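Quick notes on the structure that follows.
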There are 2 protein chains.
Amino acid sequence: MNEDAPGREADEGETAAAGRFVDNYLPYLLAQASSRVSREFHREVEAAGLSVTEWRVLASLEGSDGESIGVLSQLTLTKQPTLSKVVLRMEANDIVARTRVRSDRRQTVVRITRKGNRLTEALRARALAHQQRILAPFGPDNAEKLISMLRALLALHPPEEGGGEESPFD
Amino acid sequence: MNEDAPGREADEGETAAAGRFVDNYLPYLLAQASSRVSREFHREVEAAGLSVTEWRVLASLEGSDGESIGVLSQLTLTKQPTLSKVVLRMEANDIVARTRVRSDRRQTVVRITRKGNRLTEALRARALAHQQRILAPFGPDNAEKLISMLRALLALHPPEEGGGEESPFD
DNA sequence: ATCATTTCCATGAAATTTCATCTTTTTGTT
DNA sequence: AACAAAAAGATGAAATTTCATGGAAATGAT
């Protein structure tokens, strides 16, 4: 750390030692970027009366006509037992519906309800607006480049077998 | 480099509905990328006898000569009370040292110890190797571009005031 | 067919995290 | 100078997550 200097640094995080290991470390950069970008949208999610995980579930279900608990668990980066419980609560609130799959009755398919859809309609619009605001400073080309590189990265690194967790940076 | 040629379908997560909302949603892409890239390195961290958070603390301290609990909390995306407890345990294990700052005795500075350094030396090398493996498929130019865009993103979005949390994708 | 194995999800107990609060020290105000 | 307000970190109680397991169904082998 920078000792003496009473004023310390300016900001809070980017400030300190410039030659820090993590500043050149991709997992760190991804984790920070993810965390900061996401956090900015939290207030809007909570203002809509949803928990963060609930929003993630709903966003994941959007455009799909139902996902199993297992897939949802990967999409939302939430471990299966945690997700099961969240979905249970959401079903109680009539935001999603759970049904057994006919062809494989072990599976539980989760679908968004009309109420759930109404609830998230506005939120999805805000989410996209948020994304625009984030990408705008980069210009269309760079923005597109960033997105496609992230997609390529995902393609090269398949999701993990057993459910998902959160994302630290190692 | 664009598109995602490799892997095809049959995977696990990328499979289903192609037109899912989240597939075009930056916060989702960042969270997934972060999660997958990080998780690959977990085994190595645990093999070294460290918890993930402990590794994050040590990696954050590398190249710095000490950070306050508050800054560490941001760097590691861990809330302050959680981090305080982790650091306490690490001090007990003689991996880090905690000292009161002379100029502001409210602050606690955390420094890596020699033992901590020995412990993470090999791990940091492995971490960089891991990063190389991840970036290699993109080629040097694209890799550099990705890194610098992430850095720019961070510069535009300062860390949050009160400690850090994990990073979902909203 | 039968039985062993694997997969998917639910669930309770245990572990971890988070919130709220407290203490100590610094900063700002009058 | 005195006192109020703010900031940093520690800590215990409460809430959440995670692990381990269980039941039910599908898959595979003999």
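Naming convention: chains lettered A, B, ... in sequence-line order (proteins, then strands); numbering from 1 in each chain. Everything numeric in this text was worked out from a predicted model, so none of it was measured.
Atom NZ of A/Lys79 is separated from atom P of D/dT21 by 17 Å (rounded to the nearest Å). As a whole-Å value, the separation of B/Leu72 CG from D/dG9 P is 9 Å. If you take CE of A/Met90 and C1' of C/dC9, they are 17 Å apart, rounded to a whole angstrom. Atom C1' of nucleotide D/dA8 and atom CG of B/Leu88 are separated by 14 Å, given to the nearest angstrom. As a whole-Å value, the separation of A/Gln107 CD from C/dT6 C1' is 14 Å. Across the protein-nucleic acid pair, A/Gln80 atom CD and C/dT11 atom C1' stand 10 Å apart, rounded to whole Å. Atom CD in B/Glu54 sits roughly 15 Å away from atom C1' in C/dT17 (whole-Å rounding). Atoms CG (A/Leu83) and C1' (C/dT11) sit 14 Å apart, rounded to a whole Å.
When only modelled atom types and interatomic distance are considered, B/Arg39 and B/Ser35 share a side-chain donor-acceptor pair under 3.5 Å.
Judged by distance alone with a 3.5 Å cut-off, no donor-acceptor contact links the side chain of B/Lys85 to the base of D/dG9.
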>> side-chain hydrogen bond (donor to acceptor under 3.5 Å, both in side chains), that's the test. Do B/Lys115 and B/Asn93 meet it? Break it down for me.
In response: CA-CA 9 Å; B/Lys115 181 179 173 191; B/Asn93 283 37; over 6 Å; no
> Does the pair B/Ser148 and B/Glu144 meet the rule for a side-chain hydrogen bond (donor to acceptor under 3.5 Å, both in side chains), with working shown?
Replying inline: CA-CA 6 Å; B/Ser148 70; B/Glu144 184 46 52; 4.6 Å; no
>> Show, in sequence, the C-alpha distance, side-chain angles and deciding distance for B/Glu160 and A/Arg36, and conclude whether the salt bridge (charged side-chain N to carboxylate O under 4.0 Å, His left out) test is met.
In response: CA-CA 7 Å; B/Glu160 166 148 308; A/Arg36 296 186 196 179; over 6 Å; no
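Looking at heavy-atom distances under 4.0 Å, B/Thr82 makes contact with a base. Across all strands, A/Ser103 comes closer than 4.0 Å only to sugar-phosphate atoms, never to a base (heavy-atom distances). Using a 4.0 Å heavy-atom distance criterion, A/Arg100 is classed as making no nucleic acid contact.
Comparing D/dG9, D/dA26, C/dA10 against the side chain of A/Asp104 picks out D/dA26 as the nearest. Here the nucleotide nearest the side chain of B/Arg106, chosen from C/dA13, D/dA7, D/dG9, is D/dA7. The side chain of B/Pro81 has C/dC19 as its nearest neighbour among C/dC8, D/dT18, C/dC19. Closest to the side chain of B/Arg105, from the set C/dT25, C/dC19, D/dC19, is C/dT25.
Between A/Ser84 and C/dC9 there is no side-chain N or O to OP1 or OP2 distance below 4.0 Å. Residue A/Thr108 places none of its side-chain N or O atoms closer than 4.0 Å to OP1 or OP2 of C/dC8.
Annotation: of the two residues near DNA chain D, A/Arg102 and A/Arg89, the 5′-most nearest-nucleotide partner is A/Arg89. DNA chain D is contacted by both B/Arg98 and A/Thr53; B/Arg98 maps to the nucleotide lying nearer its 5′ end (nearest heavy atom per residue).
A salt bridge links A/Glu67 with B/Arg20: the distance from a Lys NZ or Arg NE/NH1/NH2 to an Asp or Glu carboxylate oxygen falls below 4.0 Å.
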